[in-house]
Amino acid sequence: MKKWIGLGCTLSLVTACASVTPTFTDPSPATAVTLPALAPLTVDQPLTLKRIMANPDWMGNAPQDPSWALDGSGLFYWQKQAGSELSVPFFVDIQGHTEALAYPQWHRAEYKRLSEDGRLAAWLYEGNLMVMDLPDGSPRQLTRDSSALDDFSFTLDNQLLIRRGNKLFRIDPSSGLTRLHSELVFGQKPDATKVPDSYLAQQQKRLIRYVDKQYLDAADKAQRQQQRQQADPTLAPRPFYLNGSEKLVTLSPSPRGRYLLAVVTDKDGSWRKDHDIMPNYLDKSGYVEAVKARARVAEAEVASQRLVILDTDTGQHTDVSWEGLPGFDADVLAEVKRENAARNGEKYQSTKALRTLRLMQDWGWEQSAIQWSPDGSKLAVMVEAGADNKDRWLATVDLQRGTLTSQHRLHDDAWVNYTHNEFGWSRDGESLYYLSEESGYSQLYLKPLNGKARALTQGQYVVSNLTQSRDGSQFLFKANANHPGQYEVFSVATASGDIQQLTDLKGGLDYRLSPDESQLLLSASSRTRPPELFIQPIGGQARQLTHTSSDAFLDYAWQTPEVVAIPSSHQDKPVYARIYRPQNDSKKRQGRYPAVIFNHGAGYLQNAHYGWSGYFREFMFHNLLAQQGYVVMDIDYRGSKGYGRDWRTAIYRNMGHSEVEDMLDGVNWMAQALQVDEQRVGTYGGSYGGFLTFMALFTQPQAFQAGAALRPVTDWAHYNYGYTSNILNTPQVDPIAYERSSPIEFAQGLEKPLLIMTGVLDDNVFFQDSVRLVQRLIELEKPTFETAIYPVEPHGFRQPSSWLDEYRRIFELFEENLNP
């Protein structure tokens with residue numbers, strides 16, 4: 001289920017209503033936890049680290065996973081309980097009345113799929129299937145099993161197809177009758193009539209009548225079974241037999257149920273090795289637990305996938321050929337390989353070979369890379385070059401011949417984005433729509449199967465979150481067309497291309513269209529207010545429905561960070577950042593302030609926007625630093641999300657350098673615009689932000705007087721494949737890129753105080769990353785670093801005591817080194 005990130009609305013909208021936290025009876029009182037008492041937060045009191053790093057329940061808990069009620073009468077959402085890790089579902093009607101759902105009603109809050117004619121809704125609850133007649137039927141449970149279903153879909157005749165493992169079942173929603181629709185078996189198809197090829201077996205059949213009769217009887221039995229299979233509908237269908245060395249990735253049935261697309265891969269293609277472990281020193285047993293962990297990109301073994309068309313009417317299966325994809329065998333990394341070979345005094349000879357191809361892996365979408373046309377007669381798939389990440393194809397599949405026709409190829413010399421890959425069929429099934437960054441920004445295109453693609457949106461902004469209207473006359477989408485940090489909902493007419501802005505919240509948001517397509521469900525926030533749920537009639541004004549933030553948080557006068565555009569000395573476009581101004585002159589020296597630059601994590605993430613940041617603790621910490629007299633900059637360096645393809649790929653094969661250049665531009669701008677002392681600047685960040693802290697201190701020691709690296713990457717060869725190979729290829733192919741991008745290669749440049757902090761149970765950026773760098777610094781005889789370890793923490797810290805300890809050390813680092 002998709003997690004929403006509310007990115008903004010105007011402050012006047014959010015604060016126009018009174019703040020009330022919904023109340024409910026804890027269904028599990030035994031699990032409730034009493035939170036430590038906190039002193040009242042008042043406007044005239046400075047913030048404290050203990051307050052802002054406390055359990056965030058004191059702030060209130062924002063709505064999660066919202067969805068429309070099927071009749072449009074209100075919304076469902078989930079909310080974390082105070083003092084517990086558990087969440088409870090709520091229903092809020094369109095007047096704003098909120099109630100917690102009792103246990104038997106929890107299934108109502110799950111996301112629902114509708115049949116093609118809109119007469120049925122179905123959903124999974126705890127892995128079991130629920131169904132309801134529309135408009136006013138009662139929910140019925142169709143399965144009740146401890147083994148969860150893998151997936152389900154509607155057929156055009158309002159039956160349900162459910163998948164459990166390698167079997168597909170058909171369920172009649174009215175009677176509940178369940179029938180095996182199809183089954184996949186990976187192995188050799190048994191044939192009792194086939195005589196083995198060996199000499200002895202052939203001789204046995206030729207000489208021994210008894211043996212010969214056994215073969216004849218087996219042939220008669222097989223023939224009769226085949227006749228029964230065709231004539232007797234009560235029998236289960238015969239299975240499809242596929243290669244025994246493969247396993248199922250996914251199985252997608254056509255809307256009529258006749259055709260199945262099976263996606264298979266090598267059965268032994270596991271990346272995890274025996275040494276891929278992470279030690280837990282504080283296991284409940286008292287011993288050291290060896291926790292399994294992911295493999296590293298340096299050991300990547302990317303498995304291809306194979307597509308097979310299965311015809312349930314004829315029992316035939318047809319392998320799909322990749323040859324219809326232009327460039328399917330191109331050596332797209334030839335220049336990279338040539339450069340690396342030349343460094344070693346070698347020559348590289350380019351040759352063509354089948355690339356590693358698989359279904360597109362998008363990190364954000366809710367849809368599948370397999371899309372059937374509305375009538376089920378056509379099939380489209382999105383395929384990527386999984387080992388080199390340079391191509392993405394949108395192709396249609398010939399269901400009889402197993403051939404592919406490329407409808408669109410997106411090639412990127414850096415890497416194809418792992419978001420902005422939404423696609424689907426027009427309502428008439430004659431065209432495909434899709435997002436593409438081919439113009440430099442994610443835009444929406446419509447392509448007839450036998451015609452030329454047409455751009456429905458154009459501009460230097462990012463389009464995402466597509467919704468096609470039921471009649472196909474328009475698409476709704478989210479975009480930052482007015483400002484890179486402000487997101488709104490728009491519609492575009494399919495025929496004319498006319499675009500209309502539907503919301504005006506001047507920030508960022510997420511949305512869902514109501515069942516009758518007349519209203520929008522919005523999850524919206526501001527720079528100083530967490531997300532809340534709104535509804536807005538199309539053509540009307542947004543109205544807030546939920547009020548989940550606490551009065552203690554809302555009543556405090558948080559500083560609203562300014563979003564500024566910093567001129568860049570390296571490209572035409574500016575660098576966007578959030579700025580927190582100092583609230584007093586207590587740290588001003590000779591007319592100038594100290595400053596701290598915060599580097600967000602994830603690399604491809606946007607934080608200099610007009611909405612509530614996922615870095616809410618850092619937001620409060622930056623308020624605290626400003627109260628202590630610091631200027632704080634929160635920067636969207638090159639590589640960040642929201643600014644188009646060229647900004648995203650500026651770090652290709654060269655991570656940590658363009659980003660630090662942007663940080664230096666930030667320092668220069670603060671010196672000129674905000675009276676910052678260039679000799680009193682520190683920096684910090686976590687994950688990718690920790691990596692950038694290393695690169696800043698190691699490569700530009702004159703510019704930063706201190707830095708704190710949290711859960712930091714020190715060597716990209718030890719990070720995961722899915723993220724790193726996009727940007728740096730792989731260490732086997734492109735060691736140059738890894739050497740120029742990994743902090744451990746630049747550790748000799750450390751001159752200023754550095755604080756390294758990491759969780760021992762970090763299964764994202766391993767604790768080993770920090771251990772290796774620490775040993776490197778010791779061997780380099782660097783005296784200016786310190787470390788802090790957190791034995792029970794994963795990548796995202798969970799314990800308030802750990803957060804407090806971590807940020808207390810960061811604050812002390814800046815106090816000691818930026819305030820002579």
Any sub-3.5 Å donor-acceptor pair from [X]'s side-chain atoms to [Y]'s backbone N or O?
{"X": "Asn599", "Y": "Gly685", "answer": "no"}
{"X": "Arg294", "Y": "Tyr721", "answer": "no"}
{"X": "Ser742", "Y": "Ile744", "answer": "no"}
{"X": "Tyr738", "Y": "Asn729", "answer": "yes"}
{"X": "Lys390", "Y": "Ala414", "answer": "yes"}
{"X": "Tyr615", "Y": "Gly601", "answer": "yes"}
{"X": "Glu739", "Y": "Asp734", "answer": "no"}
{"X": "Ser741", "Y": "Met655", "answer": "yes"}
{"X": "Gln460", "Y": "Tyr441", "answer": "no"}
{"X": "Gln732", "Y": "Ala298", "answer": "yes"}

Residues [X] and [Y]: side-chain donor-acceptor under 3.5 angstrom:
{"X": "Gln627", "Y": "Tyr580", "result": "no"}
{"X": "Asp331", "Y": "Tyr348", "result": "yes"}
{"X": "Asn417", "Y": "Tyr604", "result": "yes"}
{"X": "Tyr719", "Y": "Asn764", "result": "yes"}
{"X": "Asp585", "Y": "Tyr593", "result": "yes"}
{"X": "Lys752", "Y": "Gln705", "result": "yes"}
{"X": "Asp636", "Y": "Tyr643", "result": "yes"}
{"X": "Asn607", "Y": "Tyr576", "result": "no"}

Flag the pair [X] and [Y] as a salt bridge only when some basic side-chain nitrogen lies within less than 4.0 angstrom of an acidic carboxylate oxygen.
{"X": "Arg653", "Y": "Glu335", "result": "no"}
{"X": "Arg578", "Y": "Glu618", "result": "no"}
{"X": "Glu437", "Y": "Arg392", "result": "no"}
{"X": "Asp763", "Y": "Lys292", "result": "no"}
{"X": "Asp391", "Y": "Arg409", "result": "yes"}
{"X": "Arg648", "Y": "Asp412", "result": "yes"}

Quick one, [X] and [Y] - any side-chain contact, counting heavy atoms below 4.5 Å?
{"X": "Val667", "Y": "Val676", "result": "no"}
{"X": "Ile756", "Y": "Leu777", "result": "yes"}
{"X": "Ile810", "Y": "Leu710", "result": "yes"}
{"X": "Pro735", "Y": "Arg343", "result": "yes"}
{"X": "Glu779", "Y": "Gln775", "result": "yes"}
{"X": "Tyr630", "Y": "Lys587", "result": "yes"}
{"X": "Gln559", "Y": "Gln583", "result": "yes"}
{"X": "His609", "Y": "Asn480", "result": "no"}

Calculate, to the nearest 0.5 Å, the distance between atoms [atom1] and [atom2] belonging to [X] and [Y] respectively.
{"X": "Lys337", "Y": "Glu346", "atom1": "NZ", "atom2": "CD", "result": "13.5 Å"}
{"X": "Asp646", "Y": "Gln571", "atom1": "CG", "atom2": "CD", "result": "10.0 Å"}
{"X": "Asn726", "Y": "Ile651", "atom1": "CG", "atom2": "CD1", "result": "10.0 Å"}
{"X": "Gln679", "Y": "Leu818", "atom1": "CD", "atom2": "CG", "result": "11.5 Å"}
{"X": "Trp415", "Y": "Arg645", "atom1": "CH2", "atom2": "CZ", "result": "8.5 Å"}
{"X": "Glu812", "Y": "Leu49", "atom1": "CD", "atom2": "CG", "result": "8.5 Å"}

Report the residues that fulfil salt bridge (Lys or Arg N to Asp or Glu O under 4.0 Å) with Glu793, sequence neighbours left out, ordered by chain and then residue number.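 Here no residue qualifies.
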According to salt bridge (Lys or Arg N to Asp or Glu O under 4.0 Å), who are the partners of Glu562, at least two apart in sequence or on a separate chain?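 Glu562 satisfies salt bridge (Lys or Arg N to Asp or Glu O under 4.0 Å) with Arg581 only.
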Could you check whether Phe598 and His622 have their ring centres less than 6.0 Å apart?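 Yes, the ring of His622 comes within the 6.0 Å limit of the ring of Phe598, centre to centre.
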Can you see which heavy atom on [X] is nearest to which on [Y], and at what distance?
{"X": "Ser687", "Y": "His795", "result": "OG-NE2, 3.0 Å"}
{"X": "Met670", "Y": "Ala595", "result": "CE-CB, 3.9 Å"}
{"X": "Ser568", "Y": "Val575", "result": "CB-CG2, 4.2 Å"}
{"X": "Pro484", "Y": "Gln606", "result": "O-NE2, 2.8 Å"}
{"X": "Phe694", "Y": "Pro743", "result": "CB-CB, 3.6 Å"}
{"X": "Phe767", "Y": "Val760", "result": "CB-O, 3.8 Å"}

Mind running salt bridge (charged side-chain N to carboxylate O under 4.0 Å, His left out) on Glu745 and Arg776 for me, showing each step along the way? CA-CA 9 Å; Glu745 303 281 353; Arg776 175 77 174 138; over 6 Å; no
Does [X], at its [atom1] atom, have more than 12 non-hydrogen atoms belonging to other residues, nucleotides or ligands within less than 6.0 Å?
{"X": "Glu786", "atom1": "CD", "value": "no"}
{"X": "Lys782", "atom1": "NZ", "value": "yes"}
{"X": "Asn344", "atom1": "CG", "value": "yes"}
{"X": "Arg589", "atom1": "CZ", "value": "yes"}

By ring-ring contact (aromatic ring centres under 6.0 Å, His included), which residues pair with Tyr688, not counting sequence neighbours?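 So Tyr688 forms a ring-ring contact (aromatic ring centres under 6.0 Å, His included) with Tyr637, Phe691, Trp716.
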Let's go through His483 and Tyr610 carefully: what are the C-alpha distance in whole Å and the side-chain angles of both, what is the deciding distance for ring pair (Phe, Tyr, Trp, His ring centres under 6.0 Å) to 0.1 Å, and is it a yes or a no? CA-CA 10 Å; His483 184 283; Tyr610 281 79; 5.1 Å; yes
Stepwise side-chain hydrogen bond (donor to acceptor under 3.5 Å, both in side chains) check, Thr699 with His657: CA-CA 9 Å; Thr699 66; His657 297 279; 5.4 Å; no
Considering the options Phe621, Phe619, Phe616, which one meets the ring-ring contact (aromatic ring centres under 6.0 Å, His included) requirement together with Trp558?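 Of the listed residues Phe621, Phe619, Phe616, the ring-ring contact (aromatic ring centres under 6.0 Å, His included) partner of Trp558 is Phe619.
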